[in-house]
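To start, the structure itself, in structure tokens.
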Amino acid sequence: MKYRIGVPELRIITGLLMVPPYLLQPSLIVMSVQMLFLIFLAAAHGRRIKVSMILIVLFSITAVHLLQANGRVLFQAGAFAVTLESLKIGFQKGATLVGMIYLSQFMVSGRPKFPGKFGQLLSKQFLYFEHLVSTWKRPERGKFIETLDRMLFDMEEGVLNESERGKSSQLRGSDYAVQSLALLFLWAGAIAGYSGMLPW
Amino acid sequence: MMSSSNRSITFHDYSVITEIAILAAFSLFLSTVEYMIPKPMPFLRIGLANLPIMISLAILTFPEFLLLVLLKIIGQGLVNGTLFSYIFIYSAGGSVSSSIVMYLLFKGRGRYLSYVGISIIGAMTSNLVQMLLADLLLFGTGIWIIAPPFLVMGFISSIMLGLFTNYFTDHSRWFSHACRRRALLKGAGV
């Protein structure tokens with residue numbers, strides 16, 4: 001069967017083209033804006049945003065970097081010195097991680113299909129997974145193993161109709177336009193960051 | 001007309017591919033189930049998603065086993081949306097290294113190592129590789145400060161997973177059925 005690019009696959013290509021302007025961003029200010037944009041992009045494509053997760057990642061990575069003093073001392077908390085360079089490096093790494101997580105979520109938001117035999121195996125895995133999720137019922141007390149057994153046997157005995165698999169949606173002009181605009185935003189950020197106009 | 005050996009090969013390929021896809025889907029499903037279970041401490045995961053990896057030690061050959069591990073890693077990356085992030089590299093590094101170690105241990109274990117022991121050594125390998133990758137890629141050497149609690153939590157959760165695997169392999173009809181089928185295929189020279 002010929003492999004065709006649909007909307008989910010276009011998102012993967014767009015996302016891959018967004019990686020360089022984000023990962024190589026030298027400006028913290030632009031990177032923060034780009035990070036917020038990537039979070040928005042993931043949310044706009046149906047992914048759930050966990051604010052607590054974002055804050056925990058940003059805070060923990062920054063905190064770990066603060067343990068190694070580097071650059072000008074901003075303030076002192078007892079024997080512990082908070083330094084500017086450590087703060088900047090920590091925040092940048094935290095923002096990189098958060099941004100990449102949401103960029104990934106945007107890229108896989110349409111459950112893309114992959115070419116080749118391995119791609120087919122992956123699709124089969126998701127077909128079974130969706131079946132498990134949709135048929136799962138809370139097991140009775142003490143019958144957890146029996147419940148798992150029944151589910152595994154059901155799948156093996158071919159209760160699934162593989163033709164139920166959804167078809168990849170057709171690409172329209174508006175899809176290209178939206179993805180191009182998102183890409184343009186990230187690359188404009190890269191140009192702004194490298195221009196040296198911003199303080200950080 | 002298809003020869004009997006050709007028929008066997010077709011049946012074998014079909015059942016193996018189905019078996020791997022089922023185990024991979026089962027792993028994804030268990031990671032979803034675990035997400036819903038309240039945790040006594042943050043980051044303390046039982047690692048239920050590794051149950052299919054543990055039980056497949058007795059069912060799959062090494063290449064099939066690695067294929068399952070790869071499917072689990074990519075599947076989780078797709079579902080959690082971390083496929084193109086650092087988290088995916090940590091997950092892949094930890095899973096691949098620990099899987100290889102567990103497979104080697106399982107094949108040469110004798111009678112002195114149960115699933116609990118294999119699970120503990122696998123978890124320690126995975127955690128150490130993840131710490132090393134975190135040091136190299138994101139956090140720097142400061143990450144080793146959290147190594148002791150991270151390893152202790154990994155130790156506790158791997159004991160729980162090992163005990164659960166022991167229980168599952170002793171009581172699951174599907175597992176004994178899969179083992180018997182493998183033995184039959186092996187006996188038939190497939």
Side-chain angles (χ1 to χ4, degrees), chain A residues 12 15-16 18-19 42 47-48 56-57 60-61 63-68 86 89-90 93-94 96-109 111-112 114 117-118 120-133 136 144-146 148-156 158, chain B residues 15 17-33 36 42-43 51-52 55 67-68 70-72 74-75 77-89 134-135 137-146 164 167-178 181:
Chain A
I12 289 215
L16 286 173
M18 284 177 175
V19 173
R47 304 305 292 229
R48 223 176 72 205
I56 288 169
V57 169
S60 61
I61 295 180
V64 168
H65 279 81
L66 287 177
L67 297 172
Q68 291 170 307
S86 301
I89 294 169
K93 288 194 174 179
T96 304
L97 182 62
V98 171
M100 289 303 289
I101 288 172
Y102 284 102
L103 179 59
S104 283
Q105 296 210 351
F106 157 71
M107 286 163 83
V108 300
S109 55
R111 195 63 51 88
F114 297 97
K117 279 187 177 174
F118 186 74
Q120 283 174 17
L121 188 55
L122 208 56
S123 300
K124 198 167 183 165
Q125 174 190 3
F126 276 101
L127 187 72
Y128 287 139
F129 172 63
E130 280 166 16
H131 174 77
L132 283 172
V133 171
W136 168 255
F144 189 60
I145 303 288
E146 286 92 327
L148 292 180
D149 267 351
R150 201 189 57 241
M151 288 163 61
L152 288 163
F153 276 126
D154 276 356
M155 280 192 290
E156 225 172 47
Chain B
S15 83
I17 292 296
T18 304
E19 210 161 50
I20 294 171
I22 285 175
L23 285 165
F26 189 36
S27 173
L28 269 187
F29 173 72
L30 289 176
S31 74
T32 311
V33 169
M36 294 184 287
F43 308 114
L51 176 70
I55 61 176
L67 186 59
L68 170 66
L70 200 63
L71 279 173
K72 173 191 171 266
I74 295 177
L78 281 165
V79 167
N80 301 328
T82 53
L83 188 61
F84 300 96
S85 73
Y86 288 121
I87 291 176
F88 180 74
I89 300 172
D135 176 347
L137 297 175
L138 198 63
F139 289 91
T141 50
I143 192 67
W144 293 100
I145 291 171
I146 65 152
F164 187 67
Y167 186 77
F168 185 87
T169 51
D170 287 345
H171 293 86
S172 164
R173 283 190 308 118
W174 183 87
F175 177 75
S176 53
H177 176 77
R181 183 174 48 208

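Bear in mind the structure is a predicted one, so any value in this text is a computation, not a measurement. Within every chain, numbering begins at 1; the chains are lettered A, B, ... in the order of the sequence lines, protein sequences first and strands thereafter.
- At a threshold of 4.5 Å between non-hydrogen side-chain atoms, the residues A:Leu121 and B:Leu67 count as touching.
- How far CD1 of A:Ile145 is from OH of B:Tyr167: 6.0 Å, rounded to the nearest 0.5 Å.
- Atom-to-atom distance recorded for A:Gln125:CD and B:Ser27:OG is 7.5 Å, nearest 0.5 angstrom.
- Every residue was checked against the ring pair (Phe, Tyr, Trp, His ring centres under 6.0 Å) condition with A:Phe118, not counting sequence neighbours, and none meets it.
- Note that CE of A:Met151 and CD1 of B:Ile22 are 11.0 Å apart. Values are rounded to the nearest 0.5 Å.
- Put simply, of A:Leu67, A:Val64, A:Leu66, the one with the most heavy-atom pairs under 4.5 Å next to chain B is A:Val64.
- A:Leu148 touches chain B through its side chain: at least one heavy atom from C-beta onward sits under 4.5 Å away, while N, CA, C and O do not.
- For A:Lys124 against B:Ala21, the heavy-atom pair with the smallest separation is CG-CB, 4.0 Å.
- Judged by distance alone, with hydrogens and angles left aside, the side-chain atoms of A:Asp149 form a donor-acceptor pair with the main-chain N or O of B:Trp174 at under 3.5 Å.
- Ring orientation note: the planes of B:His177 and A:Phe153 are nearly perpendicular, at an angle over 60° on the 30°/60° scale.
- Only the side chain of B:Ile145 comes within contact range of chain A, with heavy atoms under 4.5 Å apart.
- Looking at B:Phe164 and A:Phe144, their side chains come closer than 4.5 Å, going by heavy atoms from C-beta outward.
- Atom CE of residue A:Met100 and atom CZ of residue B:Phe88 lie 12.0 Å apart, to the nearest 0.5 angstrom.
- The CZ atom of B:Arg173 sits 10.5 Å away from atom CZ of A:Arg150, with the distance rounded to the nearest 0.5 Å.
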